[in-house]
Amino acid sequence: MEAGAGLPADRCHAVWIRGAKSGNGVLLGRERLLTARPLISTYHDASNTAVEAPTSHPSGDIATCCLDPASCLLYNQTLEFSIVAIPPGFGAACGLVPVLMGEMHSFSKGQLLILVTSSHDPDTGHSHAIRLRVDEWDDTEVVMHATEGSSSCELGSPVFTISGQLVALVVRKAKSGGVVATRAS
């Protein structure tokens, strides 16, 4: 992950999701992937989707695996997220660490959060971070904007506190130019 975001790189690797729609996801445990429901909303979507991440090998190879919806496929239409199984060992082979989830997070106006998005560019193949500030929130969603430049990101990109706790998952662009994320805790 790019330096300077204030978040430990070993806690928050995003992976690239490639299927009918493309975007990001994050490991939730060793064999589960959490992503935005618009990316994976049916068994068919999950069956025809692959996940890519840079390996921990010095060569920088990209590892690819197919999702396993027969083992696990859960989604929530209200919160707009999906959880789907990935093969055992994929995360470890890529040096990915599952995210930390805690108790319900209390947002505050102007709070600094970190959005992590995975690059699909095979030349860079790494995650990068964008600092976000909280604009508004309710029981299910939080609206944020980038502190510098653009808040360009992919659906399914995870949002963390500075301490590395997963608090939200990007589900769409906001009309204001920022992003809307569903609360993860």
Side-chain angles (χ1 to χ4, degrees), residues 1-19 21-28 33-41 51-54 62 76 78-83 94-185:
M1 187 169 73
E2 284 182 358
L7 195 61
D10 64 349
R11 288 194 185 173
C12 55
H13 294 282
V15 296
W16 183 253
I17 296 172
R18 193 171 37 83
K21 296 179 182 175
S22 297
N24 285 175
V26 66
L27 262 62
L28 186 66
L33 177 79
L34 174 67
T35 191
R37 187 176 169 274
L39 296 177
I40 299 173
S41 59
V51 174
E52 296 178 347
I62 302 292
N76 184 305
T78 303
L79 298 179
E80 297 187 66
F81 69 81
S82 296
I83 298 172
C94 297
L96 301 175
V97 176
V99 296
L100 301 173
M101 294 192 65
E103 296 178 15
M104 182 75 152
H105 182 74
S106 297
F107 293 97
S108 59
K109 183 147 181 82
Q111 178 182 12
L112 181 64
L113 298 173
I114 306 294
L115 178 142
V116 178
T117 189
S118 179
S119 171
H120 184 59
D121 182 350
D123 294 330
T124 58
H126 67 315
S127 297
H128 64 277
I130 300 168
R131 290 181 182 94
L132 300 174
R133 292 248 180 237
V134 173
D135 293 329
E136 57 187 271
W137 64 96
D138 62 23
D139 290 342
T140 60
E141 294 182 334
V142 59
V143 179
M144 301 160 285
H145 70 276
T147 60
E148 299 173 1
S150 163
S151 60
S152 174
C153 68
E154 300 290 337
L155 286 178
S157 294
V159 179
F160 296 89
T161 62
I162 297 300
S163 63
Q165 177 188 354
L166 177 69
V167 293
L169 193 71
V170 173
V171 292
R172 66 180 177 277
K173 298 277 186 188
K175 292 178 185 174
S176 64
V179 295
V180 177
T182 190
R183 294 176 73 136
S185 56

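All residue numbers in this chain count up from 1 along the given sequence.
Scored by the side chain to side chain contact (heavy atoms under 4.5 Å, CB included) test, D139 finds no partners at all (sequence neighbours excluded). Listed by chain and number, the residues in a side chain to side chain donor-acceptor pair (under 3.5 Å) with S41 are D45 (sequence neighbours excluded). Partners of S157 according to the side chain to side chain donor-acceptor pair (under 3.5 Å) rule, which considers only residues two or more places apart in sequence or in another chain, are N24, T117. Residues satisfying the side chain to side chain contact (heavy atoms under 4.5 Å, CB included) criterion with L33, sequence neighbours excluded, are V15, I17, V51, L67, V84, I86. With sequence neighbours left out, the salt bridge (Lys or Arg N to Asp or Glu O under 4.0 Å) criterion links R133 to no other residue.
Counting heavy atoms from C-beta outward, T182 and N76 have side chains that stay 4.5 Å or more apart. With contacts defined as side-chain heavy-atom distances shorter than 4.5 Å, the pair I114/R131 qualifies. W137 has its side chain within reach of K109: a pair of non-hydrogen atoms, C-beta onward, lies under 4.5 Å apart. Within the 4.5 Å cutoff, no side-chain heavy atoms of R183 are placed close to those of T140.
The structure places CD1 of I162 at 4.0 Å from CG of L112, a figure rounded to the nearest 0.5 Å. Between the CG atom in L155 and the NZ atom in K173 there is a gap of 8.5 Å [rounded to 0.5 Å]. Between T35 atom OG1 and K21 atom NZ the span is 11.0 Å, to the nearest 0.5 Å. One distance of note links CG of D135 with CZ of F107; it measures 12.0 Å at 0.5 Å rounding. In this structure, CD on E80 lies 10.0 Å from CG on L169, to the nearest 0.5 angstrom. The CG atom of L113 lies 10.0 Å from the CD atom of Q165; values are rounded to the nearest 0.5 Å.
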For this session: Verify side-chain contact (heavy atoms from CB on, under 4.5 Å) between V142 and V167, making sure each step is shown before the conclusion.
Result: CA-CA 10 Å; V142 59; V167 293; over 6 Å; no

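Of all non-hydrogen atoms in A168 and A184, the two that sit nearest each other are N-CB, 3.6 Å. Residues F160 and G164 share a closest heavy-atom pair of CD2-O, 3.4 Å. The two atoms that bring S82 and R37 nearest to each other are OG-CA, 3.4 Å, heavy atoms only. For the pair G23 and W16, the tightest heavy-atom approach, listed with the atom from each and the gap, is O-CE3, 3.3 Å.
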